Amino acid sequence: MNNADCNIVDDLNVISHRVKNQLSNAYKAEFDDISYEQCRILMSMYRNQNNTYNQNFLVKKLNKSKSLVTRWLTHLEAIGLISRNREGRDIYLSITHEGKRRCERLYEVQHLIESKLLKDLQDDAIVSLSSLLKCLIKGTESL
């Protein structure tokens, strides 16, 4: 396949940018007191409630500075969406009831955007797309 004919990375970048902007705008309209990145932190904690989260894990996962992640977490804690508990040198995070409630609403918003994105696809195409995306995600883990 010729590089001129296949710009998959460019196409993925366009899709990613558009979806991120749609999510960011929708999250901001729903909850104007937290940023898109703070929503991502909250949603990640919500999806993985059985896992132990600490601040250092989030710094690595988000590839952001410790001071920036600390500011985000401080704000999330101040408005009652997460709690932080210190054990020795580690700070462990947990999502509060209000944080869970917001995540449920964020999932509703996310589902609406997903529905708009996939509205012109047949069910079998959506299943294929999902499978291909999972393969791509797995492939990016080694990059």
Side-chain angles (χ1 to χ4, degrees), residues 1 3 6-143:
M1 194 174 322
N3 280 346
C6 183
N7 294 313
I8 293 173
V9 171
D10 290 341
D11 292 344
L12 288 172
N13 192 31
V14 169
I15 293 167
S16 173
H17 181 73
R18 287 180 183 168
V19 170
K20 186 234 178 232
N21 284 342
Q22 286 291 314
L23 285 171
S24 182
N25 292 338
Y27 291 170
K28 180 68 77 185
E30 193 68 32
F31 301 112
D32 65 354
D33 59 345
I34 57 177
S35 69
Y36 174 76
E37 292 293 340
Q38 289 168 322
C39 286
R40 285 186 57 213
I41 291 171
L42 206 57
M43 296 292 278
S44 180
M45 291 176 66
Y46 182 78
R47 277 191 303 271
N48 301 296
Q49 291 179 55
N50 295 333
N51 295 345
T52 302
Y53 271 83
N54 70 30
Q55 195 162 324
N56 291 329
F57 171 80
L58 282 176
V59 167
K60 290 175 189 167
K61 180 178 178 164
L62 298 170
N63 196 27
K64 301 292 183 184
S65 72
K66 187 172 183 178
S67 62
L68 180 59
V69 172
T70 298
R71 282 195 308 270
W72 288 340
L73 294 175
T74 298
H75 180 71
L76 289 172
E77 183 178 34
I79 61 175
L81 302 181
I82 66 165
S83 62
R84 292 190 279 189
N85 301 304
R86 181 177 287 280
E87 289 183 24
R89 294 180 54 103
D90 290 322
I91 299 172
Y92 292 97
L93 312 168
S94 57
I95 191 166
T96 64
H97 175 72
E98 177 61 19
K100 291 175 187 176
R101 189 191 67 74
R102 285 221 193 171
C103 284
E104 289 164 3
R105 179 61 190 137
L106 291 172
Y107 268 118
E108 291 172 12
V109 169
Q110 185 175 315
H111 181 71
L112 289 172
I113 291 170
E114 183 179 281
S115 295
K116 288 179 187 177
L117 178 68
L118 302 176
K119 71 179 173 27
D120 294 328
L121 297 179
Q122 299 294 323
D123 288 346
D124 58 338
I126 293 171
V127 170
S128 295
L129 176 61
S130 179
S131 178
L132 291 169
L133 289 171
K134 286 178 179 143
C135 289
L136 286 171
I137 290 168
K138 188 171 183 173
T140 62
E141 291 171 357
S142 62
L143 294 178

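This one's a predicted model, so the numbers in the text were calculated from it and none came from an experiment.
Taking a 6.0 Å sphere around NZ of K66, one finds it holds 12 or fewer heavy atoms contributed by other residues, nucleotides or ligands. Counting heavy-atom neighbours within 6.0 Å of D123 CG, excluding the residue itself, gives a total of 12 or less. Enclosure of atom CD in Q122 is not indicated, since only 12 or fewer non-hydrogen atoms of other residues, nucleotides or ligands lie within 6.0 angstrom.
Between the side chain of Q38 and the main chain of W72, a donor-acceptor pair closer than 3.5 Å is present. Remark: the backbone N or O of S44 is paired with a side-chain donor or acceptor of N48 at under 3.5 angstrom. N7 places no side-chain N or O within donor-acceptor distance of the main-chain N or O of D10, the cut-off being under 3.5 Å.
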(request) Before giving the answer on side-chain contact (heavy atoms from CB on, under 4.5 Å), spell out for Y36 and K28 the whole-Å C-alpha distance, their side-chain angles and the decisive distance to 0.1 Å. (result) CA-CA 7 Å; Y36 174 76; K28 180 68 77 185; over 6 Å; no
(request) Applying side-chain contact (heavy atoms from CB on, under 4.5 Å), run through N21 and R18 and close with a yes or a no. (result) CA-CA 5 Å; N21 284 342; R18 287 180 183 168; 5.9 Å; no
(request) Quick one: do L93 and L58 satisfy side-chain contact (heavy atoms from CB on, under 4.5 Å)? Show the steps, please. (result) CA-CA 10 Å; L93 312 168; L58 282 176; 3.3 Å; yes
(request) Any chance you could lay out the side-chain contact (heavy atoms from CB on, under 4.5 Å) test for Y53 and I41, step after step, and finish with the verdict? (result) CA-CA 10 Å; Y53 271 83; I41 291 171; over 6 Å; no
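Atom-to-atom distance recorded for I34:CD1 and L76:CG is 6.0 Å, nearest 0.5 angstrom. The CG atom of L133 sits 11.5 Å away from atom CD1 of I126, with the distance rounded to the nearest 0.5 Å. Rounding to the nearest 0.5 angstrom, the gap separating the OH atom in Y46 from the CG atom in L81 is 13.5 Å.
Contact between V109 and A26 at its shortest, heavy atoms only, is CG1-CB, 3.3 Å.
For Y92, there are no ring pair (Phe, Tyr, Trp, His ring centres under 6.0 Å) partners, not counting sequence neighbours.
Salt bridge annotation for E104-R101: absent, with no cationic side-chain nitrogen under 4.0 angstrom from a carboxylate oxygen.
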Enumerate, atom names and distances included, each donor-acceptor pair closer than 3.5 Å involving a side-chain atom of residues 113-120, sequence neighbours excluded.
| residue | atom | partner | partner atom | Å |
| --- | --- | --- | --- | --- |
| S115 | OG | H111 | O | 3.0 |

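Side chains of T70 and Q55: a donor-acceptor N/O pair is present below 3.5 angstrom, by distance only. For S83 and T96, the side-chain atoms include no donor-acceptor pair closer than 3.5 Å. H17 and N13 are not linked by any side-chain donor-acceptor pair at a separation below 3.5 angstrom, with hydrogens and angles left out of the test. The closest side-chain donor-acceptor pair between S35 and Y27, if any, does not fall under 3.5 angstrom.
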